[in-house]
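See structure below.
Everything numeric in this text was worked out from a predicted model, so none of it was measured. Just so we're on the same page: letters track the sequence lines, and every chain starts at 1.
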2 protein chains.
Amino acid sequence: MDGPLDTRVTVRSAAATHTADCVVFGYAEGELRVLLVRRAVEPFLGHWVLPGGAMAETERLEETARRVLLELVGVRNLYLQQVATYSAPDRHPVRRVVTTSYYALVRPEQHQPTALGYLSEVRWFPLSEVPPLGFDHSTLLADAHARLILHLRTRPLAFDLLPERFTLTEAQGVYEEILGEGLDRRNFRRKLQTYDFLIETEEKRRGVRGGPVLYRVHVDRLRAQLQKNT
Amino acid sequence: MDGPLDTRVTVRSAAATHTADCVVFGYAEGELRVLLVRRAVEPFLGHWVLPGGAMAETERLEETARRVLLELVGVRNLYLQQVATYSAPDRHPVRRVVTTSYYALVRPEQHQPTALGYLSEVRWFPLSEVPPLGFDHSTLLADAHARLILHLRTRPLAFDLLPERFTLTEAQGVYEEILGEGLDRRNFRRKLQTYDFLIETEEKRRGVRGGPVLYRVHVDRLRAQLQKNT
DNA sequence: TCAAAAGTGTTCGGGCTACACCCATGC
DNA sequence: GCATGGGTGTAGCCCGAACACTTTTGA
């Protein structure tokens, strides 16, 4: 309660480090992917884990998460949602670390992630090829994905993963990849046509049969829509 | 990320106290209520706040929350869900405190809350009569209530707030109080009749016109149901 | 020209909503 | 006995699910 400890039980307050870890989702080549980093230091040297960093003195956790993402993929202003906080005393083998997880949606083609600091590698993994992660990060990833599915069912989030111009079939691919299930093309398109933030452009995608029409989003309307069902 | 800090930005890791604060909901006399405590120490001396406590060295935050609830209302094994984590650097006027909030559902008639330690008073407040709270607890309360509404729409949570025997009208009252809207009696009853964990007893409620029949829940079936849509 | 993907309407069923009358009990 | 709340069924609506053929374009 932000106050002195209760006196009935003698507890020593834990001086834990607090980190923000990011589950960064991206969509490329028809697959939902997640950004992982490889550790170059112990513990879990050589393991793949979620990118993250320690909360600084004057930061909120969300700011920590944004700072990490800026450093890692050089992107600001992306869609970021807190998922949960993990506090098992032994979740870090060396010292006490409490972690709050966030999920983020980015456009992979716009950003080249760079390994830095204590990392040896950064890579996009298709969700189905993610190896067992260090710490309890497999759990964080699963929880974040579950939360994303939940959110996607009530909010038009997929467009934060798509490039500026996209076809409806590509949009459907994003939905199918996140939800992990196939969707009916006509039902899907009818649903999208109810969104006032979708704008049909004059262009068609070249190099693909059928000559699909390209769409773009009216950014302000999309933002308004997203705020409505927060 | 549970690792050394990134090197590109020099951050000093914040040694924050971490607390678990509880938004304890109860239903009594036809009203949804929340359990608040009054502080007997600075800061916010005399203010009403959410009950909570600092995470101990060997505890997970959920255990902290359960410990607080055990001490405060003497109840184990209640329905407890993590809501969110709050980390604004200035949310506590004296020192840095990060707080993770939980909501809990209890049966007020079974427990007499007791003020202890640094508290001068403990009281159930009807949700509509909650005063402005100390710290940022008004926000935590609002967020927890919003989360409860969300959960109630997909899970049969109301029965964790009702006494062992209850009428369908009483159950409807709980739903209406949480959702903040009136429900159609017949539609509501039809919906409840689809739940296999509701058991009609032989008894009727005495002292109320109409002689409504009392129901109880099949605890195992309810637990099974709740786990299904976690 | 043919193979592949884009594009398009209608029907069906289930679940939610709205609505009115009789019955049991307390006062 | 009468006022209050308990108990019950049906019809419309909306949304999501299922489903097949024509058009466009690349190869």
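Residues Ala104(A) and Leu80(A) share a closest heavy-atom pair of CB-CD1, 3.8 Å. The nearest pair of heavy atoms linking Ala20(B) to Leu61(B) is CB-O, 3.7 Å.
Arg205(A) contributes no side-chain N or O that forms a donor-acceptor pair with the base of dA6(C) under 3.5 Å. With hydrogens and angles left out, the side chain of Arg186(B) and the base of dC19(C) share a donor-acceptor pair within 3.5 Å. Side-chain atoms of Arg209(A) stay outside donor-acceptor range of the base of dA27(D), with no qualifying N/O pair under 3.5 Å.
Atom pair Gln193(B):CD and dC16(C):P shows a separation of 14 Å (rounding to whole Å applied). Regarding Arg206(B), its CZ atom lies at a distance of 15 Å from the C1' atom of dG5(D), rounded to whole Å. What separates CZ of Phe188(B) from C1' of dG9(D) is a distance of 18 Å, to the nearest Å. Rounded to an integer number of Å, the gap from Glu200(A) CD to dT8(C) C1' is 13 Å. Asp184(A) has its CG atom 14 Å from the P atom of dT8(C), to the nearest Å. Atom P of nucleotide dG13(C) and atom CG of Asn187(A) are separated by 16 Å, given to the nearest angstrom. Rounding to whole angstrom units, CG of residue Leu183(B) and P of dG7(D) are separated by 16 Å. If you take CG of Leu192(A) and P of dT8(C), they are 12 Å apart, rounded to a whole angstrom.
In terms of phosphate contacts, Arg190(A) brings no side-chain nitrogen or oxygen within less than 4.0 Å of OP1 or OP2 of dA17(D). In this structure, Lys204(A) reaches the dT25(D) phosphate: one of its side-chain N or O atoms is under 4.0 Å from OP1 or OP2. Dashed line: the shortest gap from a side-chain N or O of Arg189(A) to OP1 or OP2 of dG7(C) is under 4.0 Å.
Nucleotides of DNA chain C nearest to Val213(A) and Gly210(B) differ in position, and the one nearer the 5' end is that of Val213(A). Mapping Lys191(A) and Val208(B) onto DNA chain D by nearest heavy atom places Val208(B) at the nucleotide closer to the 5' end.
The pair Asp184(A)-Arg189(A) fails the salt-bridge criterion, with no side-chain N (NZ, NE, NH1 or NH2) lying under 4.0 Å from an Asp/Glu carboxylate O. Checked for salt-bridge contact, Glu62(B) and Arg66(B) meet the test: a charged N lies under 4.0 Å from a carboxylate O.
Closest to the side chain of Pro212(B), from the set dT8(C), dG26(C), dG6(D), is dG6(D). The side chain of Arg185(B) approaches dA20(C) more closely than any other nucleotide in the set dA20(C), dA18(D), dT17(C). Nearest nucleotide to the Thr169(A) side chain, out of dT8(C), dA6(C), dG6(D): dA6(C).
Residues Tyr86(A) and Asp21(A) have side chains that never bring a donor and an acceptor to within less than 3.5 angstrom of each other.
Among the heavy atoms of the strands, none lies under 4.0 Å from Thr167(B).
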